[in-house]
Every structure is written in C-alpha cells, then in structure tokens.
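This report refers to the structure that appears directly beneath it.
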2 protein chains.
Amino acid sequence: MEDQKIRNMEEFSAVSGISRPTVSKYFNDPSSVRRSTRDRIEKALRQYDFRPNLFAINQNRKLTKTIGIVVPYLADPFFAEMVRLIERLCIDAGYWPIVFSAHGEVELENNALSTLASLRPAGALIAPLGRSSDLEAVQRFSEEVPTVVFDSNVKVGKAFVGSNNFQSIPMMVDYLCRSGEPPCFFEMPPINPNANKRREAYRQAMERLGYDPMIFKVEAMGWDFERIGFEDGGRLIADRAFPTNTILCSNDRLAIGLLSAAYQKGLRVGRGEGCALRVAGHDDHPWSRFSCPPLTTVSQDYRSIAESSVEMLFRFIDGQEVETETGERPELLFEGKLIMRASA
Amino acid sequence: MEDQKIRNMEEFSAVSGISRPTVSKYFNDPSSVRRSTRDRIEKALRQYDFRPNLFAINQNRKLTKTIGIVVPYLADPFFAEMVRLIERLCIDAGYWPIVFSAHGEVELENNALSTLASLRPAGALIAPLGRSSDLEAVQRFSEEVPTVVFDSNVKVGKAFVGSNNFQSIPMMVDYLCRSGEPPCFFEMPPINPNANKRREAYRQAMERLGYDPMIFKVEAMGWDFERIGFEDGGRLIADRAFPTNTILCSNDRLAIGLLSAAYQKGLRVGRGEGCALRVAGHDDHPWSRFSCPPLTTVSQDYRSIAESSVEMLFRFIDGQEVETETGERPELLFEGKLIMRASA
DNA sequence: TCGAAATCTTTACGCGCGGAAAATTACTGC
DNA sequence: GCAGTAATTTTCCGCGCGTAAAGATTTCGA
C-alpha cells in the first residue's frame, strides 16, 4: 500500500495506466473490460486502495444503484433481522442499501422518505409505520420511486410482500383449540394493518370452530410491546379478566411481556400439569426461544419475505410490470409455520 | 401542492422568485437570509415540495454534512438503542446520519468503512467489531475522517467513549458478595475489549475482597449470546460446574440465555428462599426487565454515552483538538448504576 | 496474414449544486 | 433623505464522475 493518496479517478487512472473512461467502465462492471486491463486495474487497486466517490457516481447516473430500506422501528428484532437479510441481498446484487428507521414517529418516517427521495434511489423497500403513517407522503414517495411495501400492508407502492395472517392465526387457533381450552386474543396496539388482520383472523377462526371470540384490546399505543404486555396483560391477569386459561397474543413481544407478568404473579405457564396458563405468540422473534417458558408461536418466513421483496423490486427496477389476474397490485403472502414450544 | 415537478434548484429558484445562490444559502442555513426572502422561499416550498439533491450537495462541499455510524451488530438491543439516540442527535444538529451494521462480520465492517470513506463524511462514530476487526483498515479510516470510537475500546480514532467496566463490575461483585455467595463469572466470547475488561475487572474485584476468582469461559464465538448462554451455560449447570450459587454474566444477553436454561432445568433463580441460583448481568438491555425473573444488572448510561460521543465528534469536526493531561487520546468513561431486580 | 470485431483512448460535455467575486439592491438608524 | 451596511443578484468556475462519439489499437478467427 503506497502512501500516496489517490484523490479521484483521474489520479487513479494515471497510476494504473488505464484511461479514466475505461476505469469508470470497470467500476460499473468489472467484467465489461478486457481481462488484461482488468488485471492491471486490480493490481493498481491493491496498491492504492481507491474507491470512486459515491456522491459523484450517483449524481450523474440516470439510474442510481441506491436502494432505500425504511422500517418503522429498527430496535424491533423482526425488523432488525429483515434489514440484515435485505441489506445482504442488495449488496450481493451490486446495489447500495441505505437504511432508515422511523423509530416509531411519523415525522421521522416522512423525513426518511424525503431524504431518500432526494437520493433518487433505484428503488425502495419500505415497511410503513402503518396507521400513523402520513399516507399521502408515502403515496407521493411511491409515485416517484419504485417501491415495494413489506410487512405492513398499506395500499401504496407497486407490490406488497408479507405474511398471511389469515393462514397463520387460524392455524394457531386450531392448534390451541385441539390441545386445550379455546384461546382468547390479547391484542397489540392497532398501529398497523397486521394488528387488525390478526384480530379479524382470530375472530373468524373462532367462529368457524363454533366458539365465541374473546378479544382484549389495550389502551396503550406505541412500540414498546413488552411493557404493554407486562403492564396491561398483568392487570388483566390480576383482575381475572381472561375467561380461559389460553391466551393468544398478537405478537411475540407482547407475549414475552405477558409471560413476565405471569411469572411474577407466580403463575405457571405451559401445557403440562399444574400450569395455570397457556400463552402463544406470533412471529417467532429471535428471542422467543429463550423466554420462560419458551414461547409457542408462529414463525414468519423471514427469508422468503426478504428474498421476494428484493426480487420483486429488482423486477420493477428493470421496468417489468408485474401483472396479476385481477389487474391489481400484486400481493405476495407467505405462510407461517407452527413453532411448538413449552408455553402452549 | 402543484403538479409541476421541480427538478433542481434552478427551477425552484425560478418559481420562488429568488436567485439560485440565495436559495442555496437558504438550504444551508435558513436563518442566513432575510426574513422576507425566507418567507418567499418557504411559501414556494409549501407549494412545490423541493429538496436539493443530496448527492450534488455533498459532492462539492468541502465539509459534508454526513456522519457515519458504524455498529457491529444492529440486531443487538444495545446498539439498536445507541443508534436511535445518536441518529436523533445528529439530525437535530443538522447532520445526515447514515447507519452501517457489520452484522458481526469483518468483511462487512471493512465494506462499510470503505463505503463510508467514499462519502467523505464530516465525521464518524464507530463501535468496532473488536477482536475480529481489521485494525489496519479501521486505523486507515480514522486517519481520513475524524472518528470517535464508542463501546469497544479499540485504540484508534480521536477519542473513546464508553462504560467504565472497572467501576461497574466491582460494584456488582461487591453487591453480590455482600448479599450472598461470591459470584463466579460466566464470560461472553472474547469478541471485543469489553469482554476482556469485564473479566479482568471481576478478577481484581474478587481478589480485593479476598476471594478466588472463578471464571468460566466459553468455546463458542459469535454474537448470538442468548444461544451461547443457554447452551453452554446450560451445560455448565447440568455438569454442576459452577462452584457457587451466584453467577455474574458478562452481559445481559448471555444472562437471559442462562436464565432460560435454568428455567428449563427447573431451577429457581433469585435471592429468596428456595432459590437455587442467583444470576446477574451487565448493560440493562431494554428487555432485561422482562426476563423471568427480571434481571439484576448494571445499567450502561446510554444517553450520556450517545451525547458525549456526538458532542466530542462535533468538536473534532470544528477543528478543536481535545487535549488530555497525558497528551493521549481522550477516553470518556461513564459509570453504571446497579439495577436491582429479582434475579440476584 | 488480413480484416472485422472488440476494446481502448481522446476529447468533450453535463449532472446539480457549493461557493467566490463583483455589481446591484434593500434595508438600517439617524 | 442619506450614508452605510447588509442582503441579494449575476456571473463564473469547479467538484468527480457518467457517458457519448470518434478515432486508434488490440484481439481473434479464418
């Protein structure tokens, strides 16, 4: 590694002995230049450690290689994991993924979209906040840049990819009914369409089985589900408000909070003898297997959702319009798998 | 909102009736233009929704407004929270934070640094992977851009901000010794300096109190601490390898895994009657209060660490060199607080 | 060996904005 | 109303690279 600092492509082209346009060509696609010149460039690259300025690259390209990823809450393990998978897929495809988190706030979501738009990205993968999203802003954004929406099915963008709550929840309800008392439903704050869909899916599943749905909603809003599960769930337990010993939670984080409340009240959770409560979740968060007891839940197909979203986006970027029979925006829904652990 | 799309500052200057350089001035600092022109610009802004192209802005500024944030593992709640705080502080200061996660892999860390460098950021806040970092690469990076290192004290950059393990760990050891059997130490994989410092801090604290340190290290590597705590910790429990009933874990995630293992083996954890084990952690992760039982731990001062890191970085960006008495790179260490919960 | 095809070099322009300099205009306070 | 100053306009140039076009060179097949 030489001391001499390479400041731009011009200088690099000088030390490598290859003309600047060819060097430019190389950086856009190494395989587009002759083997021998490629070797010469890469030899110089090993010596001088140069990377083209990203701002300059993207400023003047008609199609940038930037892909925006916007999630509502990066500290949520589901999104942390999704981002990890998506980032990797983008990088491997030669794109530059750039992550934004709304941290649960509309202003930050709008800000992220606005910033992202000013980058004129090739495309965007966004999981909107949901109910609190500024739908008009999201809509405007999606008109400017090819957008695939995931997780939270807000009706914008060119496609949606997510989980099929109407498959996963009934599957869990079936299981719970077969193996014990029919579950009541402990609902997360209705921050996004998933919250409502899961509630409705529960209602339908129960009715189909001939049971009365028993739904418990909470007053609290926000993304700190564990706390909500703990406090509100704990209160419901203390008030003996749950009419059955089986509680299906909207998501794992809520369930983990509820498990904590049950533990502190000395209630044994599980399906064995001497258990006072069964608790089930939804999502199979990375930490659900380590709860006490380990959480019975439905796994979302993280990998499929990530891969399909990215694949779908690339098709739009390539200018392929994806048609469905109905002529509507395509919606890809993946099925969950029952993850049986000790909690229910 | 007019339909007409504003494509660049030129067009916006036309519709707003203000010259382009003045518009440019406005976007760099709205308070730098006269009230009346500011109003005219903002009126046009409400009508046309224009944002200067970020690539063009940053390409030609001697000092960009970009700030890079690099963390080793975004799915770790500690880093998720730190990123949240840091991002907010940067935005409020008028900077553009851009987050990179190494996802635990050197190649990705190097890649992030390389990408970041090509953005010629005003500064960078990085929490290196630690032991597996390519130190030379991090060093090279920090020579090019003002860098503040946080959490993991790798000896590069212009300053370090983190927690004082030699305060927090002894405090916990003291507490545990006072309130029951002296703790043994269940060590996280030695992926970064914190791992080693915490072990040493434990050793010293025990010796100072006249006890023999009892350290259990683990073969596994990687960032899935819960799994490691569960599997390796569970094995140690099964083998009755822990010589005391009190276990101090390197961090909360490890402790949570261990709690899970203990639960599944039917061991009651806590400090009351009939408890077989006491378990303590370190960091006060957002979820530690919801473990079963809730985890006794040491809280890291997230907010102070974030604020000081950012503040320190801004001083370097402003060209102020921060001197210490010894003439060395400044290291800001914050003290932890004992968080007493039920597990120990 | 020759010629076509592939690749490279040269030259030149443009992207959208920052920023400097000089000229002009708009505001202060008196 | 006036000077003095502050703000704005005009006019340029430059950042680092993408990209196009024309000409030079290399490669490769027959």
Side-chain angles (χ1 to χ4, degrees), chain A residues 5-42 44-45 48-66 94-96 115 117-122 144, chain B residues 5-42 44-45 48 50-66 94-96 114-115 117-122 144:
Chain A
K5 279 272 156 52
I6 301 295
R7 314 180 53 85
N8 53 37
M9 199 178 277
E10 193 82 47
E11 288 186 19
F12 180 75
S13 122
V15 300
S16 69
I18 304 291
S19 73
R20 195 185 62 73
T22 304
V23 171
S24 170
K25 203 146 168 286
Y26 167 84
F27 277 106
N28 282 314
D29 178 8
S31 70
S32 71
V33 302
R34 204 185 292 143
R35 185 74 239 178
S36 57
T37 63
R38 177 170 177 177
D39 288 342
R40 288 172 67 190
I41 291 175
E42 284 171 354
L45 223 40
Y48 293 96
D49 178 42
F50 161 75
R51 287 249 329 232
N53 180 311
L54 261 182
F55 290 123
I57 289 178
N58 285 292
Q59 182 212 330
N60 196 23
R61 223 199 300 248
K62 76 280 319 281
L63 239 188
T64 68
K65 285 293 194 177
T66 313
Y95 284 85
W96 179 38
T115 300
S118 75
L119 289 171
R120 312 203 190 290
E144 281 185 33
Chain B
K5 280 273 155 54
I6 302 295
R7 314 181 54 86
N8 54 36
M9 199 179 277
E10 193 81 49
E11 289 185 21
F12 180 76
S13 122
V15 299
S16 69
I18 304 291
S19 73
R20 196 186 62 73
T22 304
V23 171
S24 169
K25 204 147 167 285
Y26 166 85
F27 277 107
N28 282 315
D29 179 8
S31 71
S32 70
V33 302
R34 203 185 292 144
R35 183 76 238 177
S36 57
T37 61
R38 177 171 176 176
D39 288 342
R40 289 172 67 190
I41 291 176
E42 283 171 354
L45 223 39
Y48 293 95
F50 162 75
R51 286 244 337 228
N53 181 309
L54 263 181
F55 290 123
I57 289 179
N58 285 292
Q59 183 213 329
N60 196 25
R61 222 196 304 246
K62 73 273 329 281
L63 239 188
T64 68
K65 285 292 194 178
T66 314
Y95 284 85
W96 179 39
S114 176
T115 299
S118 75
L119 289 171
R120 312 205 190 287
E144 281 185 31

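- The side chain of A:Thr22 lies closest to C:dT9, out of D:dT9, C:dT9, C:dC17.
- The interatomic distance linking A:Asn53 (CG) with C:dG16 (C1') rounds to 14 Å, in whole Å.
- Without hydrogens or angle criteria, B:Ser16 side chain to B:Phe12 main chain gives a donor-acceptor distance under 3.5 Å.
- Between A:Arg51 atom CZ and D:dG16 atom C1' the separation is 15 Å, expressed in whole Å.
- The side chain of B:Asn8 lies closest to C:dC17, out of D:dG18, D:dT8, C:dC17.
- We find that CZ of A:Arg34 is positioned 12 Å from C1' of D:dA24, with the value rounded to whole Å.
- Comparing A:Ser19 and A:Arg120 by the nucleotide of DNA chain C that holds the closest heavy atom to each, the one mapping nearer the 5' end is A:Ser19.
- No donor-acceptor distance shorter than 3.5 angstrom exists from the side chain of B:Thr22 to the backbone of B:Ile18, with no hydrogens or angles considered.
- Of the possible donor and acceptor atoms, one in the side chain of B:Glu11 sits under 3.5 Å from a partner among the backbone N and O of B:Arg7.
- Checking A:Gln59 against B:Lys25, the closest nucleotide of DNA chain D that is more toward the 5' end is the one next to B:Lys25.
- Atom OH of A:Tyr26 is separated from atom P of C:dC8 by 13 Å (rounded to the nearest Å).
- Candidate nucleotides C:dT9, C:dC17, D:dT9 were compared by shortest atom distance to the side chain of B:Pro21, and D:dT9 ranks first.
- Taking atom CD of residue B:Glu10 and atom C1' of nucleotide D:dT10, one finds them 12 Å apart after rounding to whole Å.
- Distance alone, capped at 3.5 Å, places no donor-acceptor pair between the A:Ser118 side chain and the B:Arg51 backbone.
- The phosphate of C:dC8 (OP1 or OP2) has a side-chain N or O of A:Thr37 nearer than 4.0 angstrom.
- Taking for each of A:Arg20 and A:Val33 the nucleotide of DNA chain C with the nearest heavy atom, the 5'-most of the two is the partner of A:Val33.
- Residue A:Ser24 has no polar side-chain atom (N or O) positioned under 4.0 Å from OP1 or OP2 of D:dC17.
- Using a 4.0 Å heavy-atom distance criterion, B:Asn28 is classed as a sugar-phosphate-only contact.
- In this structure, the side chains of B:Leu119 and A:Phe55 come closer than 4.5 Å at one or more pairs of heavy atoms.
- A:Arg7 has its CZ atom 14 Å from the C1' atom of D:dG14, to the nearest Å.
- For B:Leu119 and D:dC17, the CG to P distance is 12 Å, given to the nearest whole Å.
- For A:Phe55 and C:dC15, the CZ to C1' distance is 15 Å, given to the nearest whole Å.
- When heavy atoms are screened at a 4.0 angstrom cut-off, B:Ser36 is found touching no nucleic acid atom at all.
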